[in-house]
Amino acid sequence: MNFSVNCIAIIGKLNNPLYIKNFSQSHQDLKYHYIAHTSIDIIEERISAAAKHTDQYLGLLYAMEDLAVFGYITNTRIKFILVISLADVIIKDQDMKNLFRRIHNAYVNLVSNPFYDPDSKKPIVSTRFEQAMREIAT
Amino acid sequence: MLRQPRQTGDEIWKTKVDKISAELFTLTYGSVVAQLMKDHENYIEVNKHLEKMGYNIGVRLIEDFLAKSGTTKCGDFRETADTIAKIGFKIFLGISPTVTNWSADSKEFSLVLEDNPLSDFVELPEDAVTELWYSNVLCGVLRGALEMVHMQVEVAFVSDILRGDDLTEMRVKLVKYLEEEVPAGED
């Protein structure tokens, strides 16, 4: 893979942020918070536009100066957001879907922990999950 | 005729045992522990309660075990340990722990579990890490089952992967063999 993952963000079903992790050195954390926030709006547009809820992978949401934002929504309305730094390469859908599938698996492992409360609004605190995210980003 | 304990365990696991989903089992046990944590104030209480639950399971489980495996009476404590590890755990959990660390007088041994189906996906909360033995129900099961075959044992966890140790290890100590006792109240 010749692009780098800058940020992974996970938004809960009430549009509350669950996990926002910045993996790049080029931008501040705050910028990614802002990006995640605007992504929520775009996702909502896409969902309400489609007649029935089709695919979980939403594809490229929007692109900024040097960043591309991809989205994925689960059937339980949990949204995963990936911010990629744009190199001059075509980014294949299959690669993105792969990354999202791994994030989804890590999220499922997290929720299966009996001590995790999926309904709480608190952000995700779990060393195993952090480890998994780090592996996905690199 | 009693064949090698490991073979018997595998055969019974393949043929006579009904299977359920592993995730369902793990999630059920997980929610039991989570609920106990909400009910009790401290983790020592939760450990004790898990052990009591295990004891109740053990006294009933032994009948099922004896029916399925048809093993004869074990000659000494070492045979008991092998039977527990290779047949007992295999039939009910599908895993084969190893028996190690025998004490000098053959009255204590350790059971080391490589993978524990009860604790898949589990991460202990911070304050529970030092005090909670997540799979403590297994200690109670062993104690209950062995008591029904006239052995009084003490079983406790020594280390647990969930706590950050390298392996999950239970220590089983034989206290004494129980003789048949006339129930109190009879002359």
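Treat the numbers as computed from the prediction; the structure is a model and nothing was measured. Below, chains carry the letters A, B, ... as their sequence lines are ordered, and counting in each starts from 1.
- Hydrophobic cluster membership is shared by Ile20(B) and Val17(B), with clusters built from Ile, Leu, Val, Met, Phe, Trp and Tyr side chains linked at under 4.5 angstrom.
- Val33(B) has its side chain within reach of Phe115(A): a pair of non-hydrogen atoms, C-beta onward, lies under 4.5 Å apart.
- Glu123(B) and Thr127(A) share a donor-acceptor pair across their side chains, judged by distance under 3.5 Å alone.
- Hydrophobic clustering (side-chain heavy atoms under 4.5 Å, transitive across Ile, Leu, Val, Met, Phe, Trp, Tyr) keeps Val108(A) apart from Met133(A).
- In terms of non-hydrogen atom pairs under 4.5 Å with chain A, the most contact-rich of Pro125(B), Ser31(B), Ala128(B) is Pro125(B).
- We find the CG-CG distance between Leu27(B) and Asn113(A) to be 10.0 Å, quoted to the nearest 0.5 Å.
- Annotation: maximal heavy-atom pairing with chain B below 4.5 Å, among Val111(A), Asn109(A), Val125(A), occurs at Asn109(A).
- In the displayed structure, His37(A) atom NE2 is contacted under 6.0 Å by at most 12 heavy atoms of other residues, nucleotides or ligands.
- Ile81(A) and Leu30(A) are assigned to two separate hydrophobic clusters, defined by single-linkage of ILVMFWY side chains at heavy-atom distances under 4.5 Å.
- Minimum interatomic distance between Pro114(A) and Ala34(B) (heavy atoms only, all atoms of both residues): O-CB, 3.7 Å.
- Linking Ile, Leu, Val, Met, Phe, Trp and Tyr residues whenever their side-chain heavy atoms come within less than 4.5 Å places Leu142(B) and Ile95(B) in a single cluster.
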